[in-house]
Amino acid sequence: MMFVAAECTPTSFKDFTLIMPAISVGNVGQLAVDLIVSTLNMCRVGYIHTDCLIPMAGNNPYATFAENANDLSTNAEVYSSPELRLAVLQIRTPIIQTKSKKFCKLMVSWIKASGFSRTVVLSSSHAYQRDDQQLLGSPLRYLQTPSMQKLTGDRLKEMEWKEMETVSTFPGVTDSEQRLYIPGGGATKGLFTDSCAEDIPLVVVLIFCSEGDNIPDAFTLLNHLNTWLHLVDAPAQTQPKWRIPASWRLLFGSGIPPALF
């Protein structure tokens, strides 16, 4: 894997916060990243070149006028907001199944080499595979590595965020052995466990959801994240206003051609 910077763009993100999606159920993380890039009008500063992702090229998904609508976009691009000390990685295609472990290790290596102060992975998990304890309360959960725990302390618990529960390895037989289980989460668990091993400050923020129209889930996940990172200011008791990117007009296709009838 290689990060290719745009012309005149520094390749160091020392002390930046990185936000990236996991390719997970409903593409909720990717939708949330779309809203961040569009709302903050972030500048594309480079792309990730790797054989772990299905190749893709297309038009600019964040076009704001005709002149930039035809800018080429690829399957993994990095956006930056230097004034916010924020970088965002958007991933637009699935990870090749046989290269998931390789992708996680390469991503963790890049995160470590880039000098990010903390990384946030936005993810989702199948709602229908929750166990009994996960059916109660909010559908939102978080995980943090030991390095992140040192930085945040009890901040997330004080905000009444709910940590992802472990579940029984052998349900119905014994509860003595527990495991972290994120069905539908794609590379989420791999990124988390590899970050723990490499002593990287990383937080996973996820939502339980089902496939379908996952736009409301993306807003819910992002509003939840905003209570911590304050990416967008909002008056008390009101929700932030996120800008919907132009590409969402074709989120469910371009409609039925009238010529069919």
Side-chain angles (χ1 to χ4, degrees), residues 13-22 24 26-42 78-91 107-108 111 114-125 134 136-165 180 182 185 187-189 191-193 195-196 199-209 214-243:
F13 295 102
K14 186 172 175 57
D15 299 328
F16 274 51
T17 295
L18 172 68
I19 299 175
M20 63 173 288
S24 52
N27 302 317
V28 178
Q30 293 158 293
L31 293 171
V33 166
D34 269 351
L35 291 170
I36 294 172
V37 174
S38 181
T39 302
L40 300 180
N41 196 26
M42 299 180 75
V78 181
Y79 298 81
S80 177
S81 176
E83 61 275 13
L84 296 176
R85 309 293 291 173
L86 176 69
V88 168
L89 168 62
Q90 177 62 299
I91 302 172
M107 282 304 310
V108 167
I111 290 168
S114 298
F116 292 109
S117 62
R118 59 187 177 184
T119 298
V120 179
V121 176
L122 300 179
S123 185
S124 50
S125 183
Q134 293 171 336
L136 301 174
S138 169
L140 296 154
R141 296 292 189 276
Y142 80 93
L143 286 165
Q144 60 180 344
T145 63
S147 293
M148 195 70 202
Q149 173 74 48
K150 293 177 184 177
L151 291 178
T152 61
D154 294 327
R155 172 63 177 155
L156 299 182
K157 287 184 179 179
E158 290 169 356
M159 294 172 59
E160 298 184 353
W161 282 28
K162 196 166 185 178
E163 193 167 5
M164 184 69 171
E165 301 90 345
L180 178 63
I182 310 176
T188 303
K189 184 177 177 180
L191 289 168
F192 177 73
T193 54
S195 296
C196 288
D199 202 29
I200 290 175
L202 178 140
V203 173
V204 174
V205 186
L206 67 82
I207 185 170
F208 293 116
C209 67
N214 295 101
I215 290 176
D217 298 312
F219 278 106
T220 299
L221 183 67
L222 195 50
N223 288 337
H224 185 62
L225 178 68
N226 197 63
T227 62
W228 173 39
L229 296 186
H230 303 291
L231 301 172
V232 175
D233 291 329
Q237 308 303 318
T238 62
Q239 299 291 356
K241 292 185 177 180
W242 304 101
R243 183 194 300 167

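Please read these numbers as outputs of a predicted model, since none were measured by experiment.
- Phe116 pairs by the ring pair (Phe, Tyr, Trp, His ring centres under 6.0 Å) definition with Phe13, Trp110, not counting sequence neighbours.
- A heavy-atom distance below 4.5 Å is found between the side chains of Val28 and Cys209.
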Q: List the steps, then state whether side chain to side chain contact (heavy atoms under 4.5 Å, CB included) holds for Leu84 with Met42.
A: CA-CA 10 Å; Leu84 296 176; Met42 299 180 75; over 6 Å; no
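- Partners of Phe208 by ring pair (Phe, Tyr, Trp, His ring centres under 6.0 Å), not counting sequence neighbours: none found.
- With rounding to the nearest 0.5 Å, the separation of CG in Leu229 from NE2 in His224 is 10.5 Å.
- Remark: the backbone N or O of Leu202 is paired with a side-chain donor or acceptor of Thr145 at under 3.5 angstrom.
- For the residue pair Gln144 and Val203, the shortest heavy atom distance occurs at CB-CG2, 4.0 Å.
- To the nearest 0.5 Å, atom NZ of residue Lys14 and atom OG of residue Ser114 are 11.5 Å apart.
- A heavy-atom distance below 4.5 Å is found between the side chains of Pro146 and Cys196.
- The minimum heavy-atom distance between Met107 and Leu191, with the atom names listed, is CB-CD2, 3.9 Å.
- More than 12 heavy atoms of other residues, nucleotides or ligands sit less than 6.0 Å from atom CG of Asp15.
- A 4.5 Å side-chain heavy-atom check between Gln90 and Ile36 finds every atom pair outside the cut-off.
- Taking CG of Leu225 as the reference point, atom CD1 of Ile207 lies at 12.0 Å (rounded to 0.5 Å).
- For Asn27, the side chain to side chain contact (heavy atoms under 4.5 Å, CB included) partners are Gln30, not counting sequence neighbours.
- The side chain to side chain contact (heavy atoms under 4.5 Å, CB included) check on Ser138 picks up Leu140, with sequence neighbours excluded.
- Looking at residues two or more places apart in sequence or on another chain, you find a side chain to side chain donor-acceptor pair (under 3.5 Å) between Thr17 and Arg118.
- Listed by chain and number, the residues in a side chain to side chain donor-acceptor pair (under 3.5 Å) with Asn41 amount to none (sequence neighbours excluded).
- In terms of the side chain to side chain contact (heavy atoms under 4.5 Å, CB included) criterion, residue partners of Leu180 (sequence neighbours excluded) are, by chain and number, Leu143, Met164, Ile182, Lys189, Phe192.
- Contact record, Leu151 with Ser117: CD1-O, 3.7 Å, taken as the closest heavy-atom pair.
- Each salt bridge (charged side-chain N to carboxylate O under 4.0 Å, His left out) pair with one or both residues in residues 148-161, not counting sequence neighbours, would appear here, but there are none.
- Note that OG1 of Thr119 and CD1 of Ile111 are 4.0 Å apart. Values are rounded to the nearest 0.5 Å.
- Judged as a salt bridge (charged side-chain N to carboxylate O under 4.0 Å, His left out), the pairs with a partner in residues 137-149 (not counting sequence neighbours) are, in order, Arg141-Glu165.
- Smallest separation of non-hydrogen atoms from Ala22 and Thr188: CB-OG1, 3.2 Å.
- Listed by chain and number, the residues in a side chain to side chain donor-acceptor pair (under 3.5 Å) with Ser38 amount to none (sequence neighbours excluded).
- The ring pair (Phe, Tyr, Trp, His ring centres under 6.0 Å) check on Tyr79 picks up Tyr62, with sequence neighbours excluded.
- The backbone N or O of Ser124 sits less than 3.5 Å from a side-chain atom of Ser24, completing a donor-acceptor pair.
- Counting all heavy atoms, side chain and backbone alike, Val108 lies closest to Ile200 at CG1-CD1, 3.2 Å.
- A distance of 8.0 Å separates CG of Leu222 from CD1 of Ile19, quoted to the nearest 0.5 Å.
- Smallest separation of non-hydrogen atoms from Pro82 and Phe16: CA-CZ, 4.0 Å.
- The CH2 atom of Trp242 sits 6.5 Å away from atom CG of Asn223, with the distance rounded to the nearest 0.5 Å.
- Side chains of Val232 and Leu40 form a contact here, defined as non-hydrogen atoms less than 4.5 Å apart.
- Qualifying side chain to side chain donor-acceptor pair (under 3.5 Å) partners for Trp161, counting only residues two or more places apart in sequence or in other chains: none.
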